[in-house]
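What you see is a predicted model; the values in this text were computed from it and never measured. We count ligands from 1, going down the list as the structure has it; atoms in each ligand are counted the same way.
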Amino acid sequence: MPIRILPPEVARRIAAGEVVERPASVVKELLENSLDAGATRVSVEIAEGGTRLIRVTDNGCGIESGELELAFRRHATSKLEAEDLGAIATLGFRGEALPSIAAVSDVEAVSRTAGAPSATLVRLEAGEVVESRAAAGPAGTSIAVRNLFRRQPARLKFLRSASAEAGQIATVVSHYALAYPEVAFSLVVDGRETFATSGSGSRREAVSGVYGSGTAAAMIEVSESSEDHSLEALIGAPGLSRASRSYITIFINRRWVRSRTLAFAVEEAYRGLLPAGRYPIAIVDLHLPPSEVDVNVHPAKAEVRLRDERRVFGLVQRPIRAALAGMAAPSYGAAPAWPRAQPLASSWAPDEPAGVPHGGPPQPEVEARQQPLPTRIPVLRPLGQAGTTYVIAEGPAGLYLIDQHAAHERVLFERIRAGRQGGPPAFQGLLAPATLELTPQQEALLDGHREALRSVGFEVEAFAPGRRHRGPGGYILRAVPPLMKADDPGRAFTEVLDLLTREDAPADPLDRLAASLACHAAVRAGHSLSVEEMRDLLRQLEDCETPQTCPHGRPTMLHLSADELARRFARR
Ligand code: ADP
Ligand code: MG
């Protein structure tokens, strides 16, 4: 095959794929443009997870009528002097977003600068301008993106459900709302306003708009600055911990970044204050000299490269740690009720693929060579507990160490799945129904798992259905699954929702929910067990279809064979 240069529109579409991966990336680019334009009000409206419509409207500086078409050409930007790449202060700078978005959708842009007599409207289809004229419109810019990926069926297929995509969009908008408290944000999903912030400039108020007023009131302010950096953070007291990392939000120079290192710096600051598997809520706003930060890594720009990562780790970890110093570790909830051994419902279809872990169990790093286990595990006798985390047990083939949480998760997971197939769900009605304030992400998770939630025994209804309300979504929780302790059902419910976002959760929504519920209800590491309780746990594990791994794919047990022991003690 001869080498050929791609036709321009093909090259354009390939490059667009890099910037515009999914609807949430479109929203991110449009939001950043609005913020770069100095907007104090930004509203986002989406329909069908953003595939039918994404509209971002701002009251920013607007685009001159003669330049609106130009803005949709590649590498057209007003934000960069050619030699400036080392010190970028705006969110955008590549001039890639608008042409990339236009290449994979139909766009209608209306914009007006403050002094202009009228607005200008430009329509593009598949990247080509099909209409351009004067129009009516307020000062600012409104960009509507329709039929995203309609001409890229492969990409469309790769998207998740509308509610999952809407959830990702809600995540993006709410992160920016937290970073820019001086800007009033609102998000309307399929005609309903899911949240709005006031734009008053108070970060605590922005937190209230996104996470609810209770959470906002309980946040601690942290601030620190030196000659070349400043940090402002709102962090949750340890009692506000969450079941997932998605509540750690980090901005560098007002850009939302995904940085494992810095998220870990926040977690490290809470070391010893949170039980295993719990994560803090924190919003960290870090300012560094632009030359310390390389945002030119990936077109989507969510990832940054830091010149001195180790130093920045300390800049984040130290002041948060200092603010938390002296706070006592919270006593975390009550121990879950220990379930008695119960035979599994016989309606469990034996040929149904069992709760297969995704990606297979990670190989534990033990020196002892592990014996392959038979599918079922043998009858085990508990000998004791190590580190209030592992049950030590003996079986016919040697010694076993069982991770109590992982094992109990497996037991509950299979029981939940069996219960789901054994007729109508069993509910535990609440005497006092709990009022829930859900974040936009939680609302989207709720929406995407309605069936699954019902099938395991959660009964949730929208508060005053049909009423548009401001602030976090209001719901009422009327019933929870029987295996859930009902002392704080609202909190338990939101934690189960948060657990659905775990990266290692099963892909099937029903299994994913069962795994989240099991993880929430399972006995935790650090909880001491009586011999009786250990015996119950082992009995129930023996009854499992797939006893060797937890529903997230972690191993439940390590086996040290009698042979191995003899060899290690030089008995043979
Ligand atoms: P970049 O943001 O990297 O410059 P974009 O393709 O996102 O590239 O936008 C191109 C240009 O269009 C911007 O540099 C800016 O001048 C203008 N623009 C885009 N969106 C807006 C907006 N909401 N308000 C004002 N100007 C805008
Ligand atoms: Mg841009």
Side-chain angles (χ1 to χ4, degrees), residues 12-13 15-21 23-45 54-105 107-116 119-124 127-129 132 135 137-145 148 172-173 176 179-180 183-186 253-257 290 294-302 304:
R12 196 158 62 202
R13 257 191 262 134
E18 256 203 279
V19 181
V20 187
E21 197 195 331
S25 15
V26 173
V27 171
K28 174 174 182 293
E29 294 296 336
L30 296 180
L31 276 185
E32 291 191 343
N33 281 347
S34 296
L35 294 168
D36 279 344
T40 56
R41 229 178 33 242
V42 181
S43 53
V44 181
E45 191 189 336
I54 294 171
R55 190 191 340 253
V56 175
T57 305
D58 67 52
N59 65 348
C61 66
I63 303 173
E64 296 287 348
S65 64
E67 292 187 349
L68 191 53
E69 280 188 46
L70 185 63
F72 285 91
R73 294 243 284 277
R74 290 214 74 191
H75 307 304
T77 176
S78 58
K79 301 173 191 171
L80 189 66
E81 308 289 326
E83 57 290 357
D84 241 11
L85 263 182
I88 290 152
T90 51
L91 296 170
F93 60 87
R94 296 162 185 270
E96 252 170 359
L98 293 185
S100 304
I101 293 167
V104 291
S105 68
V107 171
E108 184 174 301
V110 181
S111 190
R112 183 175 151 195
T113 54
T120 306
L121 177 149
V122 169
R123 269 197 323 113
L124 299 96
E128 301 301 330
V129 176
S132 176
T141 305
S142 176
I143 297 190
V145 176
L148 184 64
V172 169
V173 183
Y176 279 94
Y180 289 77
V183 178
F185 285 87
S186 68
N253 297 345
R254 313 215 73 190
R255 183 191 296 280
W256 175 36
V257 298
D294 180 9
V295 291
N296 201 12
V297 179
H298 185 270
K301 292 166 299 196
V304 289

Undergrad: Taking 4.0 Å as the limit for heavy-atom contacts, which would you say applies to Pro99 with ligand 1: side chain only, backbone only, both, or neither?
TA: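 The answer is the side chain.
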Undergrad: Which of the atoms of ligand 1 are close to Ala37, meaning less than 4.0 Å from one of its heavy atoms?
TA: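 Per the distance check, 24 (N), 25 (C).
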Undergrad: With backbone taken as N, CA, C and O and side chain as the heavy atoms from C-beta onward, which portion of Ala97 lies under 4.0 Å from ligand 1: side chain, backbone, both, or neither?
TA: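 Both backbone and side chain.
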Undergrad: I need the minimum non-hydrogen distance between Phe185 and Tyr176, along with the two atoms involved.
TA: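 Shortest heavy-atom separation between Phe185 and Tyr176 comes out as CE1-O, 3.6 Å.
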Undergrad: Heavy-atom distances under 4.0 Å decide this one: backbone, side chain, both or neither, for Ile143 against ligand 1?
TA: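 Contact part for Ile143 vs ligand 1: neither.
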Undergrad: With a 4.0 Å cut-off on heavy atoms, is Glu96 touching ligand 1?
TA: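 The answer is yes: ligand 1 sits under 4.0 Å from a heavy atom of Glu96.
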Undergrad: With only distance considered, is Leu98 within less than 3.5 Å of ligand 1 through an N or O on each side?
TA: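 Indeed, backbone or side chain, Leu98 has an N or O that close.
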Undergrad: If only atom types and distance count, is the side chain of Arg112 paired as donor or acceptor with the main-chain N or O of Gly137 below 3.5 Å?
TA: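 A pair under 3.5 Å: yes.
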Undergrad: Look at ligand 1 and say whether Gly62 reaches it with a heavy atom at a distance under 4.0 Å.
TA: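 Judged by the 4.0 Å heavy-atom criterion, Gly62 does count as contacting ligand 1.
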Undergrad: Of the non-hydrogen atoms in Ser105 and Val145, which two are nearest, and what is the gap between them?
TA: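 It is OG-CG1, 3.4 Å.
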Undergrad: How about CZ on Arg254, more than 12 heavy atoms from neighbouring residues, nucleotides or ligands closer than 6.0 Å, or not?
TA: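 Enclosed.
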Undergrad: Verify the neighbour count for atom CD of Glu108: are there more than 12 heavy atoms of other residues, nucleotides or ligands below 6.0 Å?
TA: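 Enclosed.
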Undergrad: Closer than 4.0 angstrom: is that true for some heavy atom of Gly140 and an atom of ligand 1?
TA: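 Heavy atoms of Gly140 never come under 4.0 Å of ligand 1.
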Undergrad: Check this for me: does any side-chain nitrogen of one of Arg73 and Glu69 sit under 4.0 Å from a carboxylate oxygen of the other?
TA: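 Here Arg73 does not pair with Glu69 in a salt bridge, since their nearest N and O are not under 4.0 Å apart.
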Undergrad: Tell me whether Asp36 has any N or O atom under 3.5 angstrom from an N or O of ligand 1.
TA: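 No.
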Undergrad: Please give me the minimum heavy-atom distance between Leu68 and Ala109, naming the atom from each residue.
TA: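 Minimum heavy-atom separation between Leu68 and Ala109: CD2-O, 3.8 Å.
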Undergrad: Can you name the atoms of ligand 1, numbered from 1 with element, that are less than 4.0 Å from a heavy atom of Ala71?
TA: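 Here the atoms of ligand 1 in question are 10 (C), 12 (O).
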